[in-house]
Trainee: 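This is the structure I want to talk about, given as structure tokens.
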Amino acid sequence: MSSKKQHRIFFQGPIPAQKIADDIQKHAAKTNIGAHSIFLGQVRADELNGEKVVAIEYTAYELMVEEKMAVIREQFFEKYALTCMHIYHSLGRVAVGEICLFVFTSSAHRRDAIDACSEMVETIKKELPIWGKEICTNQSTVWKQNN
Amino acid sequence: MSSKKQHRIFFQGPIPAQKIADDIQKHAAKTNIGAHSIFLGQVRADELNGEKVVAIEYTAYELMVEEKMAVIREQFFEKYALTCMHIYHSLGRVAVGEICLFVFTSSAHRRDAIDACSEMVETIKKELPIWGKEICTNQSTVWKQNN
Amino acid sequence: MGIKVLFFGSVTDITQVGELSWDYCADTNILMKGLLGRFPALANKKYFLALNQQIIHENCQLKQGDTVAIMPPYSGG
Amino acid sequence: MGIKVLFFGSVTDITQVGELSWDYCADTNILMKGLLGRFPALANKKYFLALNQQIIHENCQLKQGDTVAIMPPYSGG
């Protein structure tokens, strides 16, 4: 792990749509890519005890996330023929309608990018020490639970 | 079919990264969405008989594509709990490194968007009367074959 | 009106045109016989037929103004 | 140096702090006994332990300067 480049995945606040466009554009130069798969998590206006969620506030055990991601990245590049993989997760407050997770995989042929992206979303939810606190209209808060 | 809104999927030339960002941004107002899944097809610099591909030129039986897509859309909205689904396919010339296919599905929970997007990519390749002609550096051309 | 015949993809390498008007004929078998007479190289092609935008797998009756498309395997995406 | 203890997510609702220094103790069982004494509500929580960023499932020896994290189920994404 120590020899691996640490990939920072955290992004302070919401992930702007413009960043997604810029990241896609950057890959135009990689002409061995035939397929990109992107997953975006968007904060949903759920209702909790009759109160609407207005934002989620994310915290994480950042050092552990980075160490885990280095191992996970390695596993994914072994399992899938990926050209590249970029992952961003918000920290701090992300309002309803904003993007909190951005997973971006690229490969020569479509199945690698698609399958890796799908598996990575599940892996992030299951394996990374990140917590979301849902903040409601009346300022009450509920710790998010993943399913 | 006749009662269904026809969704135009064709896009003249390459699909700009900025369009993708704009389309994502438009969905910020739909606060029942929790997940977006995006697939992008990018023209790859394959080598054919020792010549590099520089572009693909797409043609389609447009009327049949539109009629088929109306039926396929209906099937997907029945099968998956989607909030929305947008599909764009290029017509005409798309150079290496440019985007020729953009599939964008959104749902409250991630599996619907991810599974629908993945299945739609396969459906497009298999079911839509669209043809790609690969154009090489020496101007020779080869009709693309899907696998 | 006759029959409108459309050609797509690599089939147009043989026909050199994307569309032509064909004298009315009773069914798709007769139409294809005529087309193969005019474009013999079609015999070596793999293709599907669509009648009025619907794929057909067997001989179909034709009526005036119908559209028949001769399409090689798809390669979109 | 002692042991650095980190709290995350809903566990911080109980501890009110995200981090504290704890006197050195020999293993994680002893550490948790001490923490449960100080934060009795932890007993009703579901949580995992990580020792130096590695999830542990059983009692582990501790050494000076180790970091132990008390983490409720993850809810990222």
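None of these values were measured; they are calculated from a predicted model. Protein chains get the first letters and strands the later ones, always in sequence-line order, with residue 1 at the start of each.
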Trainee: So, are Glu119(A) and Lys126(A) salt-bridged, with charged N and O less than 4.0 Å apart?
Mentor: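 The answer is no: the pair does not qualify as a salt bridge.
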
Trainee: Using a 4.5 Å cut-off on heavy atoms from C-beta on, say whether the side chain of His36(B) contacts that of Ile99(A).
Mentor: yes

Trainee: Do Lys19(B) and Asp23(B) sit within salt-bridge range, that is, some charged N less than 4.0 Å from a carboxylate O?
Mentor: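 Result for this pair is yes, salt bridge flagged.
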
Trainee: Is a side-chain N or O of Arg44(A) found less than 3.5 angstrom from the main chain of Ala108(B), in a donor-acceptor match?
Mentor: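 It does hold such a pair.
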
Trainee: Counting heavy-atom pairs closer than 4.5 Å to chain A, which one of Gly34(B), Ala21(B), Ala113(B) comes out on top?
Mentor: Gly34(B)

Trainee: Please rank Cys100(B), Ser106(B), Ala45(B) by heavy-atom pairs under 4.5 Å with chain A and give me the top one.
Mentor: Ala45(B)

Trainee: Among side-chain atoms of Asn32(A) and Lys30(A), is any donor-acceptor pair under 3.5 angstrom?
Mentor: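 Per modelled atom types, Asn32(A) and Lys30(A) side chains form no pair under 3.5 Å.
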
Trainee: Top residue by heavy-atom pair count (under 4.5 Å) with chain B, among Leu101(A), Ile20(A), Ile33(A), Val96(A)?
Mentor: Ile33(A)

Trainee: Select one option (side chain, backbone, both, neither) describing which atoms of Glu98(A) are under 4.5 Å from chain B's heavy atoms.
Mentor: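 No part of it gets close to chain B.
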
Trainee: Under 4.5 Å, counting heavy-atom pairs only, tell me which of Arg110(A), His27(A), His109(A), Gln25(A) racks up the most with chain B.
Mentor: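 Most heavy-atom pairs within the cutoff with chain B belong to Arg110(A).
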
